[in-house]
Amino acid sequence: MARMSLTVEENLTPDQAGFRPGRSTCGQLLNLTAFEEKQITGTVLVDLTAAYDTVNHKILLLKPEFDLTCRSIYADDLCLATQSTSFNAIETRLTDALSTLTNYYTENLLNANPNKTQVCAFHLKNHQANTKLEITWNNQPLKFDEHPIYLGVTQDRTLSFSQHAMNVKAKVAARNSLQ
């Protein structure tokens, strides 16, 4: 088993964090917060339909390349992210990355689910708080979500995690019959 782990580990992309020693959900979430403050970070949280049922295990070692700031993979959760001072530049980069991803998915018999794929922008520009990224995937507009859920954590524009904290508080209160 140790030999197999070493072989697999050597061939995985550095972006892959799921089920690897020294990698965690926290690290993947921190990747989103490691961006420069004065820039906008645009993300696409890609959903695969029945990922474990449709994946061709022979192609797991192949890695599509994107011209992006960040690409994070945790198990079957893929986050594409890029930064700019311009929403338009982010939209272009992410749309181009999704086009590359489409080709990769098609060649490898993977089924993307644009209906569950989420788009979000993280930034501290309050005067642009209502600006929404407009990204399409295979001519289908993707849903912009002000509070996307990534790796079980509810995000918000400023990455303060306040929405996540409120959700957790409400769950705890409901389970403990508290008000």
Side-chain angles (χ1 to χ4, degrees), residues 12-18 25 27-49 51 54-56 59-161 163-164:
L12 289 175
T13 174
D15 307 317
Q16 174 68 43
T25 301
Q28 294 299 90
L29 292 169
L30 288 174
N31 285 339
L32 295 176
T33 64
F35 295 106
E36 297 192 32
E37 283 184 34
K38 297 188 181 193
Q39 301 220 5
I40 304 156
T41 301
T43 62
V44 175
L45 306 173
V46 178
D47 185 75
L48 280 176
T49 301
T54 61
V55 71
N56 178 343
I59 57 90
L60 284 177
L61 302 180
L62 298 177
K63 306 159 194 134
E65 294 299 322
F66 306 102
D67 184 24
L68 296 176
T69 306
C70 176
R71 173 184 65 175
S72 301
I73 306 166
Y74 192 92
D76 66 336
D77 294 314
L78 172 63
C79 173
L80 302 175
T82 191
Q83 282 188 293
S84 177
T85 55
S86 158
F87 281 94
N88 289 335
I90 289 169
E91 289 169 346
T92 299
R93 287 184 204 152
L94 290 173
T95 299
D96 290 348
L98 288 168
S99 178
T100 300
L101 193 63
T102 297
N103 295 335
Y104 178 79
Y105 281 4
T106 301
E107 290 168 8
N108 295 290
L109 306 174
L110 297 170
N111 298 317
N113 188 348
N115 293 326
K116 287 189 176 180
T117 295
Q118 302 170 85
V119 173
C120 190
F122 303 112
H123 59 89
L124 300 174
K125 298 175 186 257
N126 290 334
H127 64 283
Q128 292 180 310
N130 295 323
T131 304
K132 297 180 174 161
L133 291 174
E134 295 180 12
I135 297 172
T136 59
W137 192 1
N138 293 332
N139 298 316
Q140 180 178 344
L142 296 180
K143 178 186 173 204
F144 182 88
D145 194 333
E146 291 182 15
H147 300 287
I149 298 173
Y150 178 53
L151 302 177
V153 178
T154 305
Q155 309 290 314
D156 58 73
R157 177 181 61 83
T158 62
L159 291 169
S160 66
F161 303 104
Q163 185 67 44
H164 183 73

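Here, residue 1 is the first one in the sequence, and each next residue gets the next number. The model shown is predicted, which means the values in this text are computed figures rather than measured ones.
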remark   = Heavy-atom nearest pair, Asp156 first then Phe122, reads O-CD2, 3.1 Å
task = Write down the atom of Ser84, the atom of Arg93, and the distance for their closest heavy-atom approach.
result = CB-NH1, 3.9 Å
inquiry  = Is it true that, when you exclude Asn130 itself, more than 12 heavy atoms of the residues, nucleotides or ligands shown sit nearer than 6.0 Å to its CG?
reply    = no
note = One should read off an interatomic distance between Thr102 OG1 and Asn138 CG, to the nearest 0.5 angstrom, of 4.0 Å
Step-by-step side chain to side chain contact (heavy atoms under 4.5 Å, CB included) determination, Thr95 to Leu98 = CA-CA 5 Å; Thr95 299; Leu98 288 168; 5.6 Å; no
message = For a 4.5 angstrom cut-off between non-hydrogen side-chain atoms, does Asn111 reach Tyr105?
response = no
task = Output the distance between atom CG (Asn115) and atom NZ (Lys143), rounded to the nearest 0.5 Å.
result = 10.5 Å
Atom of Glu146, atom of Cys120 and distance for their closest heavy-atom approach = O-SG, 4.3 Å
key: Spacing of CG belonging to Leu124 relative to CD1 belonging to Ile40, to within rounding of 0.5 Å   = 10.5 Å
ask   = Could you walk me through whether Leu80 and Leu78 pass the side chain to side chain contact (heavy atoms under 4.5 Å, CB included) check?
value = CA-CA 7 Å; Leu80 302 175; Leu78 172 63; 4.0 Å; yes
request  = Can you see which heavy atom on Ile90 is nearest to which on Gly42, and at what distance?
outcome  = CG2-CA, 3.6 Å
message = Is there a side chain to side chain contact (heavy atoms under 4.5 Å, CB included) between Phe144 and Ile135? Walk through the geometry before answering.
response = CA-CA 8 Å; Phe144 182 88; Ile135 297 172; over 6 Å; no
ask   = Around Glu134, counting heavy atoms of other residues, nucleotides and ligands shown, do more than 12 lie under 6.0 Å from its CD?
value = no
query = Between the main-chain N or O of Lys38 and the side-chain N or O of Lys125, is there a donor-acceptor pair closer than 3.5 Å?
reply = yes
Distance-minimising heavy-atom pair for Pro114 and Leu142 = O-CD2, 3.6 Å
message = Can a donor-acceptor pair be found, under 3.5 Å and without considering hydrogens, that links the side chain of Asp145 to the backbone of Val119?
response = no
ask   = If only atom types and distance count, is the side chain of Gln155 paired as donor or acceptor with the main-chain N or O of His147 below 3.5 Å?
value = no
inquiry  = Using every non-hydrogen atom in the two residues, find where Thr43 and Ala81 come nearest and quote the distance to one decimal.
reply    = CG2-CB, 3.8 Å
message = When you measure from the side chain of Thr117 to the backbone of Asp47, do you find a donor-acceptor pair of N or O atoms at a distance under 3.5 Å?
response = yes
request  = Could you give me the CA-CA distance, side-chain angles and deciding distance for Val46 and Trp137, then say whether side chain to side chain contact (heavy atoms under 4.5 Å, CB included) is met?
outcome  = CA-CA 11 Å; Val46 178; Trp137 192 1; 3.6 Å; yes
ask   = Between the side chains of Asn126 and Arg157, is a donor N or O closer than 3.5 angstrom to an acceptor N or O?
value = yes
